[in-house]
Protein chains: 2
Amino acid sequence: MVTIADVARHAGVAPSTVSYVLTGKRSISPQTRTKVRESIRLLGYHPHAGARALATSRANVVALVLPLRHGVHLPVVMRFVTAAVTTARRHDMDVLLVTADQGAQGLRRVAGSAQVDGFLVMDVELDDDRVPLLRQIAQPSVLIGRPAAVKGLTCVDLDFEAAGARCVDHLADLGHRYIGFLGAPSVVYQRNTGYAQRTMAGFGAAAMRRGIASTALPAEDDYESVLASVRSLLRTQPAMTALVVHNEAALGWVAGSLRALGRRVPDDVAVVAICPDELAEQMQLTSVQLPAEELGRQAMELLVARLNGHPAAPVTLLPPKLSGRASTAPRLRRA
Amino acid sequence: MVTIADVARHAGVAPSTVSYVLTGKRSISPQTRTKVRESIRLLGYHPHAGARALATSRANVVALVLPLRHGVHLPVVMRFVTAAVTTARRHDMDVLLVTADQGAQGLRRVAGSAQVDGFLVMDVELDDDRVPLLRQIAQPSVLIGRPAAVKGLTCVDLDFEAAGARCVDHLADLGHRYIGFLGAPSVVYQRNTGYAQRTMAGFGAAAMRRGIASTALPAEDDYESVLASVRSLLRTQPAMTALVVHNEAALGWVAGSLRALGRRVPDDVAVVAICPDELAEQMQLTSVQLPAEELGRQAMELLVARLNGHPAAPVTLLPPKLSGRASTAPRLRRA
DNA sequence: CCTCCGAGTTGAAGCGTTTCGACAACATTA
DNA sequence: TAATGTTGTCGAAACGCTTCAACTCGGAGG
């Protein structure tokens, strides 16, 4: 391995001078600078990351903690990952992959060994057992998702309340007055999953605000259950002309269920989904997107900022974006 | 930060003793061992990764180089990643994420700075510009995929020849005598993508071997093109009763195209896909799987073996597995 | 009884950086 | 001219760990 001493010898200067050329922390005469640069190039010198980490107590690596639970939409995770990595690289940082199955234990290990300078934790739930740990450790962290208590944390999330509301507004603007909501499986609401509850809340509040009748039900992810839920919605509210679906797994069965119950999309019932854009595109559904790239980028930027000592707001919410597609159409005024 | 010296002081021994307790490289009396262990636990000591890397010239980290090209199937990549990470952790290694867009340049940087002990490179093509570099650098590497020249490398791959052949055999056993092959978009064959060509080759050879008439065509990934390709296949070989599809993007249009041309699946034309299992499951297609987990696991095991100085075969091929589903059915003997 | 040996422990020398204080050499000010 | 900065460079001391050579201390072997 070629060391800084080799470079120094080759350039006829002291090792410290080489270091200063590299870091720019002291003024160096143009002559020596170019001489050193040349030696570095010639010898193919790369600073030893470990040595540097030891000397500076900075690893220039951040940990990316990924969920691998069954049920997370993998393409979205990947999108997020690439955005995060790209952003990290732009700040000369590398990314260490930590899987959520390693748990709080794994985080403690990585943090304790000073392998990373910070953490980016995806898929944080309302009551996440990693949060207390993240508060303890020396390294700053940024969370994707929003736990119950965000004090002292830095969280980034899609504004799910606004997303739910956005769906209502879109449908209301089209003339719909009776709207249904098909949510995640009931277990998702049972374990405290923030985004599901928040979407519901936003949906409900918006409907009230616009004077619209709304009904909500969870949906399991098989055809029979979806059919049952949709039937139940229609029975409760026979005049229902629009449906908001916040359940990726159920999405595939919604149109079929409606059809089976004698309703066509969008003529009889309009559908708006809250889901990854590619799914919506594939099924030609009007949808509110899950902005994976934007989340990844933002989260990493915030983390880098915190690493550089800048403060950050506890919560950053991304505004929802709605893309109109074939599953909603202007509602004709009825008699 | 709590250092090894702190632990040593607390336990009343020398730092070196603590180190030996940790690494087990010298015999330590049971008393001191437990005493030291206790101090470690009490103080919450974790060895500083950088310092360790510096002293041992081993980072205990491997780089995972991921493709992010458009067109790779993200869920498969994720599956692969999780298997690789899990396996790495089992050997007390961590994983540094490197995206392919950082190119050979990025690999050189990571290798040069001794950040990692080895490389796991996904999605290697026949003529990959990273291969020469991988040969040069100090760290060993394992490739997923097979470049043209594998001498001195360690590659893991699905046996695509066998996969192509397996499809033919399955269909031949069901009584089919005229089989078509719908391949990747032609650009994929133009740039040298090993797996596509190998599958074709295996398919063709098996057909010859079984005395079966075969025709092959590429397919672009929109409905019109797929339809055109299928029509063309049927025109060339009107007696065709089975189709092997090696094109994830086209998969969705195949049944539709056949239907549009008056053929039902599986009664008129049986279909076998070579694709990720979940896609096949979703569309109820008989398929040869892409064993992402197995590839990830095997690749990482091989890499770890090489890191420990064990030699490894240049090429490890995983046998294809076929899962029967609704898109193929036994062929009735015709008059 | 002396020597030799092995088990257990230690001190110190690295590993490759960064960074602080010191020091020339020269320019500026009083 | 003497005092005072400024600029560019250097030497040496960390940073926290591993590991080698050396040492001590019982016990076994002659």
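These numbers were taken from a predicted model, which means no experiment stands behind them. So that the names make sense, note that chain A is the first sequence line, chain B the second, and so on, each numbered from 1.
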With a 3.5 Å cut-off and heavy atoms only, can you find an N or O donor on one side and an acceptor on the other between the side chain of [X] and the base of [N]?
{"X": "A:Tyr20", "N": "C:dC20", "value": "yes"}
{"X": "B:Ser16", "N": "C:dG11", "value": "yes"}
{"X": "B:Tyr45", "N": "D:dC17", "value": "no"}
{"X": "B:Arg52", "N": "D:dT18", "value": "no"}
{"X": "A:Arg26", "N": "D:dT9", "value": "yes"}

Closest to the [X] side chain: [options]?
{"X": "A:Ile4", "options": "D:dC10, C:dT18, C:dT10", "value": "C:dT18"}
{"X": "B:Val13", "options": "D:dC17, C:dT17, C:dT10", "value": "C:dT10"}
{"X": "B:Ser29", "options": "C:dT17, C:dT9, D:dT19", "value": "C:dT9"}
{"X": "B:Ala14", "options": "C:dT10, D:dG16, C:dT17", "value": "C:dT10"}
{"X": "B:Leu54", "options": "D:dT19, C:dC15, D:dG8", "value": "C:dC15"}
{"X": "A:Met1", "options": "D:dT18, D:dC20, C:dG16", "value": "C:dG16"}
{"X": "B:Ala55", "options": "D:dC17, D:dA21, C:dC20", "value": "D:dC17"}
{"X": "B:Pro47", "options": "D:dC17, C:dG8, C:dA12", "value": "D:dC17"}

Provide, to the nearest angstrom, the distance between the [atom1] atom belonging to [X] and the [atom2] atom belonging to [N].
{"X": "B:His48", "N": "C:dG16", "atom1": "NE2", "atom2": "P", "result": "17 Å"}
{"X": "A:Asn60", "N": "C:dT18", "atom1": "CG", "atom2": "P", "result": "11 Å"}
{"X": "A:Arg9", "N": "D:dC10", "atom1": "CZ", "atom2": "C1'", "result": "16 Å"}
{"X": "B:Gln31", "N": "C:dT9", "atom1": "CD", "atom2": "C1'", "result": "13 Å"}
{"X": "A:Leu22", "N": "C:dT18", "atom1": "CG", "atom2": "C1'", "result": "11 Å"}
{"X": "A:Arg58", "N": "D:dG16", "atom1": "CZ", "atom2": "P", "result": "17 Å"}

Item to complete: Give a yes or no on whether the backbone of B:Ala49 and the side-chain of A:Gln115 come within a donor-acceptor separation of less than 3.5 Å.
Response: no
Practice prompt. Ignoring hydrogens and angles, tell me if any N or O in the side chain of B:Ser19 forms a donor-acceptor pair with the backbone of B:Pro15 under 3.5 Å.
Written response: no
Under 4.0 Å between any heavy atoms, over every strand shown, what does [X] touch: base, sugar-phosphate, or nothing? Just pick one.
{"X": "B:Ser27", "answer": "base"}
{"X": "B:Thr17", "answer": "base"}
{"X": "B:Ser19", "answer": "base"}
{"X": "A:Thr32", "answer": "sugar-phosphate"}

Worksheet item: Taking for each residue the nucleotide of DNA chain D bearing the nearest heavy atom, is the 5' side occupied by B:Lys25 or by B:Gly50?
Response: B:Gly50
Worksheet item: Salt bridge between B:Asp101 and A:Arg89, side-chain N to carboxylate O under 4.0 Å?
Response: no
Worksheet item: With a 4.0 Å cut-off, would you call A:Arg41 and A:Glu38 a salt bridge?
Response: yes
Worksheet, complete the sentence: Rounding to 0.5 Å, atoms CG (A:Leu303) and CG (A:Leu64) come to a distance of 10.0 Å
Item to complete: State the CG-CG distance between A:Leu295 and A:Leu318, to the nearest 0.5 angstrom.
Response: 5.0 Å
